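Here is how names work: the chains are called A, B, and so on, in the same order as the sequence lines, proteins then strands, and each is numbered from 1. Source: prediction; values computed, not measured.
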Number of protein chains: 4
Amino acid sequence: MTLENASPRRKELVGIAARLFVETGFDRTTVRMLAQAMGIKSGSLFHHFRDKQEILCAVIEEGTQRALAIARRELAEADPRPRARLHAMARAHLETLLSDRNAHVAALYEWRRLDAASRERLVPLRDAYERLWEQVIDEAIAAGIVTGDAFLVRRFVLGALNWTVRWYNPSDTVGEGGRTSEDLARALVAMITRE
Amino acid sequence: MTLENASPRRKELVGIAARLFVETGFDRTTVRMLAQAMGIKSGSLFHHFRDKQEILCAVIEEGTQRALAIARRELAEADPRPRARLHAMARAHLETLLSDRNAHVAALYEWRRLDAASRERLVPLRDAYERLWEQVIDEAIAAGIVTGDAFLVRRFVLGALNWTVRWYNPSDTVGEGGRTSEDLARALVAMITRE
Amino acid sequence: MTLENASPRRKELVGIAARLFVETGFDRTTVRMLAQAMGIKSGSLFHHFRDKQEILCAVIEEGTQRALAIARRELAEADPRPRARLHAMARAHLETLLSDRNAHVAALYEWRRLDAASRERLVPLRDAYERLWEQVIDEAIAAGIVTGDAFLVRRFVLGALNWTVRWYNPSDTVGEGGRTSEDLARALVAMITRE
Amino acid sequence: MTLENASPRRKELVGIAARLFVETGFDRTTVRMLAQAMGIKSGSLFHHFRDKQEILCAVIEEGTQRALAIARRELAEADPRPRARLHAMARAHLETLLSDRNAHVAALYEWRRLDAASRERLVPLRDAYERLWEQVIDEAIAAGIVTGDAFLVRRFVLGALNWTVRWYNPSDTVGEGGRTSEDLARALVAMITRE
DNA sequence: CATGAATGAGAATTCATTCAT
DNA sequence: AATGAATGAATTCTCATTCAT
């Protein structure tokens with residue numbers, strides 16, 4: 001599941017690329033911009049990555065991997081009751097999405113830019129993450145605190161969460177009415193659960 | 001509210017551009033692709049639009065305008081009870097988003113590509129549309145069928161709906177488990193309302 | 001010597017073109033700019049002129065013709081003594097050059113943009129004008145008020161005069177230290193004559 | 001006084017660009033023509049210069065700098081008497097203008113094509129050159145060998161000299177009646193001085 | 001005469017990528 | 001590893017010109 005090269009230097013470069021991809025979009029981020037942000041010249045970039053695609057692929061892998069790791073950790077630490085587990089997942093998702101505007105955002109918003117080969121490689125990883133959500137939502141429905149079609153609920157919930165990056169700026173707590181990402185997680189869970 | 005140039009020819013071109021922008025993304029849609037899809041040569045495009053930006057601007061305006069018109073019509077025809085009005089808005093939103101994968105999708109997903117001037121021009125239009133949602137959600141909260149922070153509910157609901165274009169293909173009813181966009185609207189309303 | 005078409009409408013258009021060619025340069029003046037300044041659409045321009053070259057040709061012809069006419073008039077009216085005739089020529093030259101920043105400037109500064117055919121057509125006209133200068137300078141040398149190689153004197157004098165359009169703005173009498181174009185003519189004659 | 005980038009490669013390219021700008025004019029010299037003359041592909045040009053403007057700016061800077069350097073050298077070596085100094089300046093000016101049809105011609109004839117920023121940067125350099133002329137002409141007037149308004153004399157003299165590039169071809173000594181540029185300098189000085 | 005739409009050749013510029021040093 | 005120079009294909013956009021209406 002891990003890629004050919006996971007040196008710390010490379011990890012650092014991937015983080016920088018992730019930020020640029022989120023700020024500017026993959027298409028509009030030039031190799032020269034990436035290199036400059038990394039403190040090297042554009043020619044040197046190709047010693048670390050075969051091509052621009054590979055950078056995107058690495059970013060998306062990193063983003064999904066982190067999302068998966070954090071979700072697992074939060075679930076492991078969470079109260080085993082369904083509502084708490086739902087909350088843990090929402091919190092984890094928002095954390096990877098908003099806390100450092102990191103690779104997870106790129107994973108979601110630049111997925112379409114992956115070429116076929118990369119996509120194929122990354123689908124299992126993404127599915128592993130989604131399966132976590134599937135479980136938690138199934139449990140919530142089984143417990144009667146959420147009603148409806150599990151598939152649709154999952155899609156709607158992820159949509160609601162993913163869309164936050166379009167309107168929520170975690171560093172601007174005043175502009176956001178003082179809402180923290182924790183508030184967001186709680187509000188979302190409240191919105192879809194009853195009793 | 002309509003802009004500089006509204007010839008029927010232009011409208012037709014805007015429709016074609018909308019489709020390409022949704023299929024391929026604004027950045028990856030070249031002027032030549034647009035021209036070819038329109039049946040003209042790339043130079044001729046600039047007879048109708050000053051630059052590529054202006055095409056995007058026209059597409060987004062058209063998309064938001066249509067969304068606004070359809071939402072108003074649905075609200076006017078809907079049962080005046082809060083849940084019905086919520087449902088009408090969701091149905092209207094999904095219709096403009098999914099029925100012909102039209103300009104409304106571009107309006108949502110390519111908004112960031114607008115330059116400052118266009119953005120400024122279009123913000124009021126977008127706000128008018130969002131105000132419709134505001135009203136309907138306020139009514140639902142007042143009626144006690146939805147609970148929570150009206151602002152967050154609106155953002156979550158719009159996120160859930162907007163994200164549908166990423167996973168729902170209305171022309172593939174089998175792959176989508178036979179779900180129609182009407183089903184989606186109903187499910188969303190069910191998910192967030194109680195009693 | 002006159003061109004196929006000398007309608008007053010055409011003359012007017014030529015005048016407008018002359019102004020634009022001087023302000024912006026022939027290469028940078030687009031057919032659309034010309035048309036707009038003329039109050040018509042670019043397509044219509046080609047009812048009046050075969051192509052852009054023909055406009056330039058007409059402008060240069062007009063400019064040289066006017067310069068020639070005015071020079072002849074001034075010489076006819078001038079005191080027959082050599083210095084007075086020299087002065088009359090300088091005054092005439094500066095008048096066509098500066099008084100209405102007209103076609104004569106274009107004739108001098110855009111001559112290189114003429115195609116071979118136009119150039120051939122206009123060379124005799126330009127030579128007729130230069131011959132006037134030749135006479136006047138020959139007379140001045142014969143009279144001993146100017147010394148030197150007649151050919152070089154003529155080139156130097158014309159250079160000095162033609163270059164005025166690069167630094168002298170006749171409508172800004174303050175910025176120009178209150179110098180009129182009449183002052184310029186006098187100063188030039190004074191500079192090259194003795195006794 | 002020198003600018004951002006003065007690599008020898010760049011200097012060489014600037015020289016080639018100067019020649020093309022003089023032969024063809026800035027507007028009609030395409031980037032492809034420049035690249036071909038430089039033996040590279042058009043894309044590579046932008047490795048050395050940000051845009052076409054910057055090439056022009058570099059050419060004009062180079063041209064004025066050389067003119068300034070040569071004028072200073074000639075003045076330093078010249079007999080200190082006013083006529084000799086005038087002659088030295090004329091000779092220097094014609095040398096930079098005619099000897100290799102170099103950047104100084106472009107500096108004079110394409111100045112208008114500079115954008116505002118470049119112009120601002122180059123004005124002091126140009127002024128430094130003109131101040132040399134100012135001094136020499138002031139001295140000549142003070143010595144009584146030239147009469148008139150120093151400002152106008154300077155403008156006329158520079159006009160006469162600058163215009164030579166329009167009619168004088170130094171490599172065609174037959175067509176030019178065997179006149180060398182040294183002859184031109186002498187004739188000009190003779191024309192404007194007395195006794 | 002005038003127009004609006006269209007054209008096609010070419011303009012400057014961008015950019016991922018290569019490669020000798 | 002890193003770099004600077006170069007590439008070539010593609011991109012947006014310009015513009016003189018044509019032509020049906």
Side-chain angles (χ1 to χ4, degrees), chain A residues 5 7 9-10 13 26-36 38-56, chain B residues 5 7-10 13 26-35 38-56, chain C residues 5 7 9-10 13 26-36 38-56, chain D residues 5 7-10 13 26-35 38-56:
Chain A
N5 184 335
S7 71
R9 177 79 173 120
R10 186 180 157 108
L13 300 183
F26 175 73
D27 288 327
R28 282 170 121 84
T29 303
T30 71
V31 167
R32 279 182 154 78
M33 289 165 69
L34 290 167
Q36 186 169 32
M38 295 168 179
I40 56 179
K41 293 296 158 61
S42 67
S44 312
L45 237 180
F46 294 88
H47 289 288
H48 299 278
F49 303 93
R50 189 150 22 96
D51 55 21
K52 203 184 162 193
Q53 264 290 322
E54 194 183 294
I55 308 178
L56 178 61
Chain B
N5 190 334
S7 71
R9 181 79 176 116
R10 188 178 153 110
L13 300 181
F26 176 72
D27 287 330
R28 281 171 122 84
T29 304
T30 71
V31 166
R32 278 182 157 76
M33 289 166 69
L34 288 167
M38 293 169 178
I40 57 180
K41 295 300 158 67
S42 67
S44 311
L45 241 180
F46 296 89
H47 187 64
H48 301 280
F49 305 93
R50 197 161 5 148
D51 54 21
K52 205 184 159 192
Q53 266 289 323
E54 194 181 296
I55 308 179
L56 178 60
Chain C
N5 186 336
S7 71
R9 177 80 173 121
R10 187 179 157 108
L13 300 183
F26 176 73
D27 287 328
R28 282 169 121 86
T29 304
T30 70
V31 167
R32 279 182 154 77
M33 288 165 69
L34 290 166
Q36 185 170 32
M38 294 169 179
I40 56 180
K41 294 297 157 61
S42 68
S44 311
L45 236 181
F46 294 87
H47 290 288
H48 299 279
F49 303 94
R50 190 150 22 97
D51 54 21
K52 202 183 162 194
Q53 265 290 322
E54 193 182 294
I55 307 179
L56 177 60
Chain D
N5 189 333
S7 71
R9 181 78 175 113
R10 188 179 151 112
L13 300 181
F26 176 73
D27 287 329
R28 281 170 120 86
T29 304
T30 71
V31 166
R32 278 182 157 76
M33 290 164 69
L34 289 166
M38 294 168 178
I40 55 179
K41 294 303 160 65
S42 68
S44 311
L45 240 180
F46 295 89
H47 187 62
H48 301 279
F49 304 93
R50 198 169 358 163
D51 52 22
K52 203 183 159 192
Q53 265 288 323
E54 194 180 297
I55 307 179
L56 178 60

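The two atoms that bring A:Arg10 and A:His48 nearest to each other are NH1-O, 3.1 Å, heavy atoms only. Here the shortest heavy-atom pairing between B:Ser42 and B:Arg32 reads CB-CG, 4.0 Å. Listed here is the closest heavy atom pair of C:Asp51 and C:Phe46: CA-CE2, 4.0 Å.
Contact annotation: B:Lys41 side-chain N/O to E:dA6 OP1/OP2 distance is not under 4.0 Å.
Mapping B:Leu45 and D:Phe26 onto DNA chain E by nearest heavy atom places B:Leu45 closer to the 5' end of the strand. Mapping C:Ile40 and D:Thr29 onto DNA chain E via the closest heavy atom, the residue that lands nearer the 5' end is C:Ile40.
Distance check, rounded to the nearest 0.5 Å: CE of C:Met38 to OG of C:Ser44 gives 11.0 Å. To the nearest 0.5 angstrom, C:Leu13 atom CG is 8.5 Å from C:Ile55 atom CD1. Atom NZ of C:Lys52 sits about 11.0 Å away from atom CG of C:Leu45, to the nearest 0.5 Å. Here the straight-line distance linking atom CG of A:Leu34 with atom OG1 of A:Thr29 works out to 6.0 Å at 0.5 Å rounding. One finds the CZ atom of B:Arg9 at 10.0 Å from the NE2 atom of B:His47 (value rounded to the nearest 0.5 Å).
Following rounding to the nearest Å, D:Leu34 (CG) and E:dA11 (P) show an atom-to-atom distance of 11 Å. When rounded to the nearest whole Å, the span between CE of D:Met38 and P of F:dT7 equals 13 Å. We find that CZ of B:Arg9 is positioned 16 Å from C1' of F:dT21, with the value rounded to whole Å. For the pair C:Gln36 CD and E:dA2 P, the interatomic distance rounds to 16 Å; values are reported in whole Å. Going from atom CG of A:Asp27 over to atom C1' of E:dA16 covers 13 Å, rounded to whole Å. In this structure, A:Met33 places its CE atom 13 Å from P of E:dT14, rounding to the nearest Å. Atom CZ of A:Arg28 and atom P of F:dT11 are 14 Å apart (whole Å). Atom pair A:Phe49:CZ and F:dA1:P shows a separation of 12 Å (rounding to whole Å applied).
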Any N/O pairs under 3.5 Å between the protein and nucleotides 17-19 of chain F? List them or say none.
residue : atom : partner : partner atom : Å
F:dT17  : OP2  : C:Lys52 : N            : 2.9

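For D:Arg28, the side-chain hydrogen bond (donor to acceptor under 3.5 Å, both in side chains) partners are C:Asp27, not counting sequence neighbours.
Consecutive pairing runs in DNA chain E reach the stem threshold at E:2-21 with F:2-21, where a stem means at least three Watson-Crick or G-U wobble pairs with distances under 3.5 Å.
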